[in-house]
Enquirer: 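Once you've had a glance at the structure underneath, I'll fire off some questions.
Computed from heavy atoms alone, side chains included, the values below leave out hydrogens, waters and symmetry copies. Start at 1 and go down the list; that is how both ligands and their atoms are numbered. Numbering of residues begins at 1 and proceeds along the displayed sequence.
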Amino acid sequence: MSRRILIAGNWKMNKTSAEGAALVKEIVAGLPKGNLPEVLVCPPYLTIPAVVEAAKGSPVAVGAENVHWAASGAYTGEVSTGMLLDAGLTHVIVGHSERRQYFGETDETVNLRSKAAVEAGLVTVICVGETLTERENGETASVIDRQTRKALEGISDYSKVVIAYEPVWAIGTGKTATPDMAQEVHAQIRAILTDIYGETAAESVRILYGGSMKPANAPELLAKKDIDGGLIGGASLKAPDFLALVAAGAAV
Ligand code: 13P
């Protein structure tokens, strides 16, 4: 496979600066030798400097969990792409379902954030996924289609785009989509990418799975044709688990 596997930790609202730095040091020390997948951790804003410092000179990349689209201005509580770059970040997550569920994020704001992030040169992990009700109502395909197309509107540089499929009902619940269920949606996303960017481009874009991914289920998920890595919450907070996921990524 030509796509490089990406193992990404979304720390959400967890870890102090000291805890985050210690976690990264443990991860760096335990990285398998030889071929590595791309490894990314995304800590909360305030702890970014400590985590960047701890990851310095290592293969572990650091990203943010969100970003605003404006360069600066009266947007209380927000952070710009320039600020992320200034802090030494290379990646950012956009449109996580928790942002959509609890903080009023819409397809439109996800698009604005994604566009700004890609234009700033950040590798942008755009999250899409259906809720349990949507899945039960047979709306999974239409939700994925709408969220993916809207998020990518006006984005031409697909080389900075990563899509994360995170079924909302699988996040933090211990319920994982079966590898076949996940693959079905990943293939649909690949088809949408093909429709927008053409086949060669679509083949180069990573599509991650997220939702209760852990060492026990990762190998089966990562073995699927269109699953190019993981966006991991709970299991990214403990070095041994995260390292096992990195090893699973290296084995693909
Ligand atoms: P969990 O791995 O805790 O289910 O979280 C997944 C997630 O939301 C990653 O962004």
Enquirer: Give me the ring orientation class for Tyr158 and Tyr197: parallel if the planes are under 30° apart, tilted from 30 to 60°, perpendicular past 60°.
Expert: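 The rings of Tyr158 and Tyr197 sit tilted, inter-plane angle from 30° to 60°.
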Enquirer: Below 4.0 Å from any atom of ligand 1, is there a heavy atom belonging to Gly174?
Expert: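 Gly174 does not count as a contact of ligand 1 under the 4.0 Å cut-off.
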Enquirer: On a heavy-atom basis, I'd like to know which of Lys12, Glu166, Lys214 is closest to atom 5 (O) of ligand 1.
Expert: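 Shortest heavy-atom distance from atom 5 (O) of ligand 1: Lys12.
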Enquirer: Between atom CD of Gln147 and atom CD1 of Ile126, what is the distance when rounded to the nearest 0.5 Å?
Expert: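 Answer rounded to 0.5 Å: 11.5 Å.
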Enquirer: Check whether any side-chain heavy atom of Met13 lies under 4.5 Å from a side-chain heavy atom of Glu98, and answer yes or no.
Expert: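 No. Closest side-chain heavy atoms not under 4.5 Å.
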Enquirer: Do NZ/NE/NH1/NH2 and the carboxylate oxygens of Asp228 and Arg190 come within less than 4.0 Å?
Expert: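 Here Asp228 pairs with Arg190 in a salt bridge, since their nearest N and O are under 4.0 Å apart.
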Enquirer: For ligand 1, which atoms have a heavy atom of Ala170 less than 4.0 angstrom away?
Expert: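 Matching atoms, with element in brackets: 4 (O).
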Enquirer: Give the numbers and elements of all ligand 1 atoms closer than 4.0 Å to a heavy atom of Gly211.
Expert: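 In order of numbering, the contacting atoms are 4 (O), 6 (C).
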Enquirer: Heavy-atom contacts with Gly172 under 4.0 Å: which atoms of ligand 1 show up? List them by number with element.
Expert: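 Counting from 1, the qualifying ligand atoms are 1 (P), 3 (O), 4 (O).
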Enquirer: For Leu231, counting its heavy atoms only, list the atoms of ligand 1 lying under 4.0 Å from any of them.
Expert: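 Here the atoms of ligand 1 in question are 9 (C), 10 (O).
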Enquirer: Among all protein heavy atoms in this structure, tell me which lies nearest to atom 3 (O) of ligand 1, with the distance rounded to 0.1 Å.
Expert: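 Its nearest protein heavy-atom neighbour is Gly234 N, 2.8 Å.
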Enquirer: Using a 3.5 Å cut-off on N or O atoms only, is Glu98 in polar contact with ligand 1?
Expert: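 Min N/O separation from ligand 1 is not below 3.5 Å for Glu98.
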Enquirer: Consider only side-chain heavy atoms of I, L, V, M, F, W and Y, link residues closer than 4.5 Å, and tell whether Ile48 and Leu85 are in one cluster.
Expert: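 Same cluster.
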Enquirer: Identify, by atom number and element, the atoms of ligand 1 in contact range of Ser212, meaning under 4.0 Å from any of its heavy atoms.
Expert: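 In order of numbering, the contacting atoms are 1 (P), 2 (O), 4 (O).
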Enquirer: Can you tell if the side chain of Asp226 reaches within under 4.5 Å of the side chain of Ile189, non-hydrogen atoms only?
Expert: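 A side-chain contact is absent here, since even the closest heavy-atom pair is not under 4.5 Å.
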Enquirer: Considering only the protein, which heavy-atom contact is closest to atom 2 (O) of ligand 1, and what is its distance?
Expert: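 Atom 2 (O) of ligand 1 sits closest to the protein heavy atom Gly233 N, 2.9 Å.
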Enquirer: With side-chain hydrogen bond (donor to acceptor under 3.5 Å, both in side chains) as the test, pick out the partner of Trp169 among Glu136, Glu130, Glu134.
Expert: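 So, applying the side-chain hydrogen bond (donor to acceptor under 3.5 Å, both in side chains) to Trp169 and each of Glu136, Glu130, Glu134, only Glu130 qualifies.
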Enquirer: Out of curiosity, is Ala235 lining ligand 1, as in a heavy atom under 4.0 Å away?
Expert: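 No.
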Enquirer: Are Leu208 and Ile227 in one and the same hydrophobic cluster, where Ile, Leu, Val, Met, Phe, Trp and Tyr link if side-chain heavy atoms are under 4.5 Å apart?
Expert: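 In one cluster with Leu208: Ile227, no.
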Enquirer: Could you say whether the N/O atoms of Asn10 and ligand 1 ever approach to under 3.5 Å?
Expert: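 N/O-N/O distance below 3.5 Å exists for this pair.
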